Amino acid sequence: MNAPWPTTEAEALAVQDALRARVEQAAEGAVVPRTVAGLDVAYHEDGERLAAAAVVLDVRTHEVVDLAVTVGRAAFPYVPGLFAFREVPALLDALGRLRVEPDVLVCDGHGVAHPRRFGLACHLGVVTGRPAFGVAKTPLVGAWAEPGPTRGDSAALVDGGEEVGRVVRTRDGVKPVFVSVGHRIHLGDAVKITIGLARGFRLPESTRAADQACRAALRGATVGGQIGSASPAVRGSATLGPSTAHRGKGAGVV
DNA sequence: GCGACAG
DNA sequence: ATCTTGTCGC
């Protein structure tokens with residue numbers, strides 16, 4: 001029933017074309033999350049083995065409510081614009097191990113601020129059906145004016161004549177982050193949530209927590225060959241069936 | 001043709 | 001993404 005994971009760039013592009021129509025818009029205020037899930041992936045130096053983490057935080061207190069990690073392999077080579085095909089299988093596996101269903105997914109990358117308006121946040125939102133948005137550290141597409149110097153200041157990220165995201169200053173005098181809608185959420189809400197989650201640091205607490213969790217899992221899997229021993233509250237796996245290595249010759253790097 | 005190019 | 005600890009500055 002499930003379409004096979006794309007092996008070539010042409011196949012991946014076709015998948016994006018098909019899924020793009022399923023992205024849903026949302027009115028401002030439609031999403032008032034009590035919890036968010038921070039998602040991130042860490043790679044082994046071989047560029048193939050990886051660990052993915054999903055950490056659920058209470059939006060108000062930033063307390064970790066749930067956490068799940070999984071280790072596996074990159075499902076596609078890194079190609080700007082096709083980035084999601086590399087991490088989606090592992091991230092879905094991690095999300096599937098959570099006991100608490102997060103109200104919104106905070107992705108490490110872009111949503112519609114993408115050449116074909118279907119970045120990682122859109123992809124994860126569509127396949128999970130959950131509200132989702134992306135917070136990226138660097139731009140992929142678009143132009144913008146330097147936002148004000150104060151935390152909370154922002155500027156429109158424009159591409160192809162449309163606002164595809166917002167460049168947001170989460171801390172005074174610090175390089176801004178790029179926020180864009182993924183699925184079922186309004187850009188203004190995504191920006192507010194991002195600022196609320198980024199208090200002491202540039203990146204949202206959710207992203208930082210996920211980054212720390214997958215890095216730790218990667219070490220555990222590399223050194224001990226097993227993970228999840230550090231904390232009994234963490235659910236993890238040392239294998240990842242579907243997320244096998246990319247094969248074939250039409251997609252570049254391996 | 002020459003860069004740029006999420007992680 | 002990853003290679004990488006201490007250090008300069010507010």
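Here is how names work: the chains are called A, B, and so on, in the same order as the sequence lines, proteins then strands, and each is numbered from 1. Note that this is a predicted model, so its numbers are computed, not measured. Side chains included, hydrogens not; waters and symmetry mates left out as well; all remaining heavy atoms used.
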Please list all pairs passing the side-chain hydrogen bond (donor to acceptor under 3.5 Å, both in side chains) test where one or both residues lie in residues 177-189 of chain A, with sequence neighbours left out.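 Residue pairs passing side-chain hydrogen bond (donor to acceptor under 3.5 Å, both in side chains), neighbours aside: A:Glu24-A:Arg184.
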Quick one: which residue pairs count as a side-chain hydrogen bond (donor to acceptor under 3.5 Å, both in side chains) with a foot in residues 126-139 of chain A, not counting sequence neighbours?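 Every side-chain hydrogen bond (donor to acceptor under 3.5 Å, both in side chains) pair that includes a residue of residues 126-139 of chain A, provided the two are not neighbours, is A:Asp108-A:Lys137.
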Within the structure shown, what part of the strands sits under 4.0 Å from [X] by heavy-atom distance: base, sugar-phosphate, or nothing?
X: A:Gly47; value: nothing
X: A:Pro115; value: nothing
X: A:Ala42; value: sugar-phosphate

Give me each pair satisfying ring-ring contact (aromatic ring centres under 6.0 Å, His included) with a member in residues 117-148 of chain A, each pair once, sequence neighbours excluded.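 Output for this query lists A:Phe85-A:His123, A:Phe118-A:His123, A:Trp144-A:Phe178.
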Below 4.0 Å: OP1/OP2 of B:dG7 and any side-chain N or O of A:Lys137: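 It does, given that an N or O in the side chain of A:Lys137 lies less than 4.0 Å from OP1 or OP2 of B:dG7.
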Any side-chain N or O of A:Thr138 less than 4.0 Å from the OP1 or OP2 oxygen of B:dG7?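 Checking B:dG7 against A:Thr138, a side-chain N or O does come within under 4.0 Å of OP1 or OP2.
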Any carboxylate oxygen within less than 4.0 angstrom of a Lys/Arg side-chain nitrogen, looking at A:Arg166 and A:Glu163?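 Salt bridge between A:Arg166 and A:Glu163, a charged N being under 4.0 Å from a carboxylate O: yes.
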Can you sort out the partners of A:Arg116 under salt bridge (charged side-chain N to carboxylate O under 4.0 Å, His left out), two or more places apart, ordered by chain and number?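 Not a single residue meets the salt bridge (charged side-chain N to carboxylate O under 4.0 Å, His left out) criterion with A:Arg116.
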Between [N] ([atom2]) and [X] ([atom1]): distance, integer Å:
X: A:Leu91; N: B:dA6; atom1: CG; atom2: P; value: 17 Å
X: A:Phe83; N: B:dA6; atom1: CZ; atom2: P; value: 9 Å
X: A:Glu45; N: C:dA1; atom1: CD; atom2: P; value: 16 Å
X: A:Leu105; N: B:dA6; atom1: CG; atom2: P; value: 22 Å
X: A:Arg49; N: B:dG7; atom1: CZ; atom2: P; value: 23 Å
X: A:His44; N: C:dA1; atom1: NE2; atom2: P; value: 17 Å
X: A:Arg117; N: B:dA6; atom1: CZ; atom2: C1'; value: 14 Å
X: A:Leu157; N: B:dC5; atom1: CG; atom2: P; value: 13 Å

Could you write out DNA chain C as dot-bracket? Rules: Watson-Crick or G-U wobble, both distances under 3.5 Å, brackets [ ] for crossings, | for pairs with another strand, dot for unpaired. ..........
Looking at B:dC5, B:dG7, C:dA1, which one has an atom nearest to any side-chain atom of A:Arg215?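 Given the options B:dC5, B:dG7, C:dA1, the side chain of A:Arg215 is closest to C:dA1.
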Could you check which of B:dA6, C:dA1, B:dG7 has an atom nearest any side-chain atom of A:Leu120?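 Nearest to the side chain of A:Leu120 among the choices is B:dA6.
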Is_stacked (A:Tyr43, B:dG7) at 5.5 Å, 30 deg: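 No, aromatic ring not over the base.
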Would you tell me whether A:Tyr43 and A:Glu87 have side-chain atoms, one donor and one acceptor, within less than 3.5 Å of each other?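 Note: A:Tyr43 and A:Glu87 side chains meet the donor-acceptor criterion.
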My understanding is that only residues two or more places apart in sequence, or in another chain, count here; which of them pass side-chain contact (heavy atoms from CB on, under 4.5 Å) with A:Pro33?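 Expected list: A:Val31, A:Val36, A:Val59, A:Asp103, A:Val104, A:Ile193.
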